[in-house]
Amino acid sequence: MKKATNYLLVALILIGSACQQKAKEESQAEEVAAISDDERMAWWRDAKFGMFIHWGAYAVPGGERNGEVCKGGAEWIMDKLDYTIEDYENQVVANFNPTQFDAKKWVGMAKDAGMKYIVITSKHHDGFCLWDSEVTDYDIMDSSPFKRDIIKELSVACKEAGIKFCFYHSIVDWHHPQAQAPLYPNYNAGQKDQSVFNPEFPKYYENYLKPQVKELLTNYGDVGVVWFDGDWIPDYTTEMGKEMYNMILEMQPRTIVNNRVDKGRNGMEGMDKEGNFAGDFGTPEQEIPATGIDEDWESCMTMNGSWGYKPSDTNWKSSEDLIQKLVDIVSKGGNFLLNIGPDPQGLFPPESVERLSDMGDWIDVNGEALYGASASPYDRPEWGRYTAKDGVIYAHVFDWPEDGVLKINSEIKVKKASLLADNTQVLSFDESGIALPAEAVDGAVSVIMIEL
Ligand code: GLC
């Protein structure tokens with residue numbers, strides 16, 4: 001009798017929780033249907049400026065092995081300097097112990113720089129995972145001495161600071177046995193032959209890649225953007241991409257996904273314009289499209305030449321250049337995702353800290369001309385760029401005119417012109433243009449606010 005009651009109870013509980021689960025799924029599905037793409041994209045379109053963080057065990061060698069420096073991005077060192085999987089595990093991952101890592105500090109620096117979202121590499125091509133993953137031991141908890149869930153700490157710090165937490169996730173995996181390229185005994189990095197397939201890859205996709213993305217969407221709160229990479233390998237198909245995209249939106253209907261979830265990227269630049277592929281925005285890499293693209297897009301860029309920490313690369317872009325790039329991008333309707341490659345202790349390189357701080361100072365004064373602004377409705381002026389907001393045009397002056405007159409587009413009917421840095425300084429104007437003070441207000445970009 002007692003046994004029978006217990007069975008009944010268990011059955012009731014099971015039915016109850018199945019109903020609950022079903023109701024949850026249904027309400028999520030309704031939410032997907034309820035949110036338009038414009039609503040979903042709104043915060044991102046206004047945000048303009050985000051921080052990319054390429055961080056993983058590759059920070060330990062920093063692009064250098066036995067005195068040899070790898071070409072290009074230091075996050076590719078496993079492939080470029082021919083580590084075997086075992087050597088990489090023992091020499092690199094086992095030594096990743098970033099005891100100086102302080103998520104709050106990182107997020108604080110992003111926020112002070114005027115960035116509104118952070119995209120961190122949960123897993124790069126080397127396969128090492130920065131979070132506590134249930135589906136592998138090749139993660140920060142089990143294979144490195146650090147044993148702190150970096151993704152957890154960062155997602156919590158982002159939430160506290162009002163910064164959108166986002167993650168980059170590599171489709172490529174040089175460590176997983178089922179993700180190896182058939183022609184290249186050392187993982188799939190160099191797989192150039194697009195006609196040779198790995199028959200095991202669908203298993204990796206189904207039993208590893210998808211469950212990992214699910215974990216990241218389940219255990220770390222709201223995710224702003226999922227940023228895929230590694231879409232180029234032949235084993236990853238457009239069917240997989242579309243399924244992945246739909247899975248993400250079913251789990252978190254407000255999440256935005258980049259174009260590299262599918263196979264439709266057009267070189268480095270954009271998206272498939274016909275809508276044959278999944279993805280919400282194009283990802284021009286290390287470049288700014290000459291005239292913008294007719295779709296949502298985000299330029300990602302490094303401050304020196306490497307995504308991962310690479311102390312031998314001292315080719316830093318100046319703060320002035322980075323501020324002008326940000327303005328250029330916003331004037332063309334895009335977002336700027338600017339990269340940091342933290343060191344193996346968990347610190348941002350001092351050169352990056354300095355640039356973030358300079359950008360933050362500029363944005364403190366001029367942010368109004370960027371956030372929520374739209375692309376310039378006019379052709380690019382010789383002296384700089386325009387951005388626009390309701391009833392206002394912002395003239396971003398890169399090159400201060402020698403004759404002191406800012407020649408503006410003839411369609412702009414000026415009601416009032418002033419310096420954004422000091423709006424008590426009203427500027428006179430006539431048909432020839434706006435009369436400027438003798439000296440540029442800002443060494444990088446001075447902004448003139450033009451009310452229409
Ligand atoms: C390039 C690099 C890769 C990096 C990515 C960011 O594809 O090869 O390492 O993560 O750019 O967009």
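Atoms within a ligand are numbered from 1 in the order they appear, just like the ligands themselves. Worth saying up front: this structure is predicted, and the values here are computed from it rather than measured.
Residue Asp229 has at least one heavy-atom neighbour below 4.0 Å for each of these atoms of ligand 1: 3 (C), 4 (C), 5 (C), 7 (O), 10 (O). Close contacts between ligand 1 and Cys300 involve ligand atoms 12 (O) [criterion: under 4.0 Å to a heavy atom]. Within ligand 1, counting atoms from 1 as listed, the ones closer than 4.0 Å to a heavy atom of Trp227 are 12 (O). Of all the atoms in ligand 1, the ones that sit under 4.0 Å from a non-hydrogen atom of Tyr168 are 10 (O). Which parts of ligand 1 touch Trp76 is read off a 4.0 Å heavy-atom cut-off, strictly below it: atoms 2 (C), 3 (C), 8 (O), 9 (O).
Residue-level proximity to ligand 1 for Phe228 is absent, since no heavy atom of it falls below 4.0 angstrom.
Contact between Gly241 and Tyr236 at its shortest, heavy atoms only, is CA-OH, 3.3 Å. Smallest separation of non-hydrogen atoms from Tyr205 and Met244: OH-N, 3.7 Å.
In this structure, Asp142 and Lys147 have side chains that are not in contact, with every pair of non-hydrogen atoms separated by 4.5 Å or more.
Distances from atom 1 (C) of ligand 1 to the heavy atoms of Glu285, His54, Glu75 show the closest one on Glu285.
Between the side chain of Trp131 and the backbone N or O of Tyr220, no donor-acceptor pair lies under 3.5 Å.
Heavy atoms of Met301 come nearer than 4.0 angstrom to ligand 1 in no pair at all. A heavy-atom separation below 4.0 Å is not found between Gln286 and ligand 1. Ligand 1 lies out of reach of Gly73, whose nearest heavy atom is not under 4.0 Å from it.
Residues passing the salt bridge (charged side-chain N to carboxylate O under 4.0 Å, His left out) test with Lys214, sequence neighbours excluded: none.
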| query | Stepwise, does the salt bridge (charged side-chain N to carboxylate O under 4.0 Å, His left out) test hold for Asp280 with Arg40? | reply | CA-CA 10 Å; Asp280 296 314; Arg40 201 159 51 87; 2.9 Å; yes

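Atom-to-atom distance recorded for Met251:CE and Leu216:CG is 9.5 Å, nearest 0.5 angstrom.
Between Trp232 and ligand 1, no pair of N/O atoms sits closer than 3.5 Å.
Pairs passing the side chain to side chain donor-acceptor pair (under 3.5 Å) check and including a residue from residues 364-378, sequence neighbours excluded, read Glu368-Tyr394.
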